[in-house]
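Here is the structure we will look at.
We count ligands from 1, going down the list as the structure has it; atoms in each ligand are counted the same way.
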Amino acid sequence: MQNIYGLIGLNLNENFEPTSMDGTVEEITGYIKEDFLSRKVKWTEIVVPEDQPLLSEKMKETMSNPDTSIELEYRIKNKDGEIIWIWEILQKLPAESRGSEKIQAIVRDITEQKRAEEMLRLKLEELTHSNEELEQFAYIASHDLQEPLRMVASYLQLLQRKYQGNLDEKADKYIYFAVDGATRMQDLINDLLEFSRVTTRAREPEPTDSEVILNRVLCDLELFIQENKATISHDPLPEVIVDNTQLAQVLQNLIVNGIKFHSKKAPKIHISAKRISAENKENEWLFSVQDNGIGVDPQYYNRIFEVFKRLNKKEEYPGTGIGLAICKKIVERHGGRIWVESELDKGSTFYFTLPVNS
Ligand code: ADP
């Protein structure tokens with residue numbers, strides 16, 4: 001029934017009831033034309049009561065706007081008592097010389113489309129709900145695990161301090177591994193907690209000068225930049241509407257990575273932003289953080305944004321693999337996208353967008 005279009009002519013002197021119609025309306029409603037034309041069945045009465053005011057309001061609107069066609073959606077009860085969603089377009093026709101004023105209505109059965117939309121809405125609701133549950137779980141798990149783990153770690157460290165060298169070599173090794181494992185687990189849990197805080201601690205986005213944020217980040221990283229003999233440059237950066245702490249987090253993670261994953265050359269990072277107009281989208285700001293480091297193999301362009309995904313050994317490059325996942329979550333929360341373009345041994349450019357009117 002989905003694509004059946006019916007045509008109804010309405011005579012307006014008779015309470016908006018049809019004066020002519022084509023056969024497809026019979027298919028949509030289950031009634032025969034004569035039922036309507038003889039007024040045995042009134043169109044306005046098969047409209048579900050909640051939608052009747054909308055229909056009559058739109059009819060009146062159509063009457064007073066002869067040059068406009070007016071669209072609406074409402075529900076009717078068909079002959080079998082089933083609810084049918086109608087999409088309707090109303091247009092006032094020029095008055096005939098002797099006849100009264102007329103509205104022409106084109107109707108279409110959109111029940112299936114409505115059902116699909118409803119299903120999609122329910123699925124989306126379910127997904128949002130389970131996402132929230134998952135986030136809550138990550139938060140609670142990481143938060144509540146911290147305390148007992150802190151206890152394990154500190155007693156292990158105590159054991160290490162007190163008994164290192166007093167037991168045999170094997171015992172020393174075992175204690176070392178236990179301390180190392182506990183410390184790593186603490187790092188992972190802290191990172192997971194930070195990841196879940198992207199939503200739990202989020203603040204309302206507000207107009208923010210991204211250059212001020214960048215300068216603050218560079219100030220915080222001063223020592224790290226000096227130690228690594230890194231050169232950081234940037235173009236003028238725009239005002240954006242963001243949670244400023246989170247923008248700082250994104251810039252900091254990308255800059256730290258650009259320095260950390262340096263090649264033999266001294267690290268050079270350049271930050272810039274330009275306005276782009278994306279297809280079917282409002283204008284966006286495209287930020288880029290470019291480095292001259294070790295680069296990323298194209299097969300991992302997407303995977304590096306996953307939680308705890310790392311490409312390098314922790315002995316070579318420290319870290320837990322949460323930084324880019326946090327960046328992705330923050331950028332997407334602001335309605336943007338993040339990706340990387342890179343060439344192994346040549347360097348990488350991390351891009352992220354922020355909507356101009358986010
Ligand atoms: P971490 O820095 O803790 O390892 P991230 O989530 O920030 O975690 O990064 C994930 C992985 O992506 C890194 O382990 C590294 O392999 C790769 N990566 C990230 N940034 C860069 C970069 N600028 N150059 C090369 N590789 C990078």
Of all protein heavy atoms, the one nearest atom 2 (O) of ligand 1 is Lys260 NZ, 2.8 Å
Atom 4 (O) of ligand 1 sits nearest the protein heavy atom Arg310 NE, 2.6 Å
Among protein heavy atoms, which sits nearest to atom 12 (O) of ligand 1, and what does the distance come to when rounded to 0.1 Å?
Ile304 CG2, 3.3 Å
Quick check for you: to the nearest 0.5 Å, what is the distance between Leu90 atom CG and Ile106 atom CD1?
9.5 Å
Would you mind running through ligand 1 and noting each atom that sits below 4.0 Å from a heavy atom of Val296?
25 (C), 26 (N), 27 (C)
Will you find, in the side chains of Asn292 and His262, an N or O donor that is under 3.5 Å from an N or O acceptor?
no
Please evaluate residues Arg75 and Val47 with respect to the criterion side chain to side chain contact (heavy atoms under 4.5 Å, CB included), reporting the C-alpha separation (whole Å), side-chain torsions for both, the decisive distance (0.1 Å), and the verdict.
CA-CA 6 Å; Arg75 290 158 296 172; Val47 173; over 6 Å; no
Asp291: numbered ligand 1 atoms lying under 4.0 Å from its heavy atoms:
22 (C), 23 (N)
A student checking ligand 1 against Leu311 at a 4.0 Å heavy-atom cut-off should list atoms 14 (O), 16 (O)
Where ligand 1 meets Ser348 - atom numbers and elements under 4.0 angstrom, heavy-atom basis:
24 (N)
For atom 13 (C) of ligand 1, what is the nearest protein heavy atom, given as residue, atom name and distance?
Phe261 CZ, 3.4 Å
Which of the ligand 1 atoms, numbered from 1, are nearer than 4.0 Å to a heavy atom of Gly319:
3 (O)
Strictly below 4.0 Å, N to O, side chains only: are Arg121 and Glu125 in salt-bridge contact?
yes
When distances are taken from atom 11 (C) of ligand 1, the protein heavy atom at minimum range is Lys309 O, 3.7 Å
Does a sphere of radius 6.0 Å around CZ in Phe308 hold more than 12 heavy atoms from other residues, nucleotides or ligands, not counting ones at 6.0 Å or beyond?
yes
If you count the atoms of ligand 1 from 1 in the order shown, which ones are under 4.0 Å from a heavy atom of Ile322?
6 (O), 8 (O)
For atom 16 (O) of ligand 1, find the nearest protein heavy atom and state the residue, atom name and distance (0.1 Å precision).
Asn312 OD1, 2.8 Å
Please confirm whether Gly321 comes within less than 3.5 Å of ligand 1 when only nitrogen or oxygen atoms on both sides are compared.
yes
Ion pair check, Lys114 and Glu117, cut-off under 4.0 Å
yes
Any nitrogen or oxygen of Gly323 lying under 3.5 Å from a nitrogen or oxygen in ligand 1? Just yes or no.
yes
Just to check, does Gly293 reach to within less than 4.0 Å of ligand 1 when the distance is taken from its heavy atoms?
no
Atom 7 (O) of ligand 1 [closest protein heavy-atom partner, distance rounded to 0.1 Å]:
Asn257 ND2, 2.8 Å
Atoms of ligand 1 close to Phe350 [distance to a heavy atom under 4.0 angstrom, numbered from 1]:
20 (N), 21 (C), 22 (C), 23 (N)
Pairing donors with acceptors under 3.5 angstrom, does anything connect the side chains of Gln160 and Asp172?
no
Run the side chain to side chain contact (heavy atoms under 4.5 Å, CB included) test on Ser272 and Phe287 for me, step by step, so that the C-alpha distance in whole Å, both residues' side-chain angles and the decisive distance to 0.1 Å come before the verdict.
CA-CA 6 Å; Ser272 67; Phe287 284 78; over 6 Å; no
Going by side-chain contact (heavy atoms from CB on, under 4.5 Å), Leu251 matches just one of Leu237, Ile213, Val256, Leu218. Which one?
Ile213
Hey, would you say the Phe36 and Trp43 ring centroids sit under 6.0 Å apart?
yes
Is Asp220 paired with Arg216 through a side-chain N to carboxylate O contact shorter than 4.0 Å?
no
Ligand 1 to Leu324, heavy atom cutoff 4.0 Å, flagged ligand atoms 5 (P), 6 (O), 7 (O), 9 (O), 10 (C), 12 (O), 19 (C)
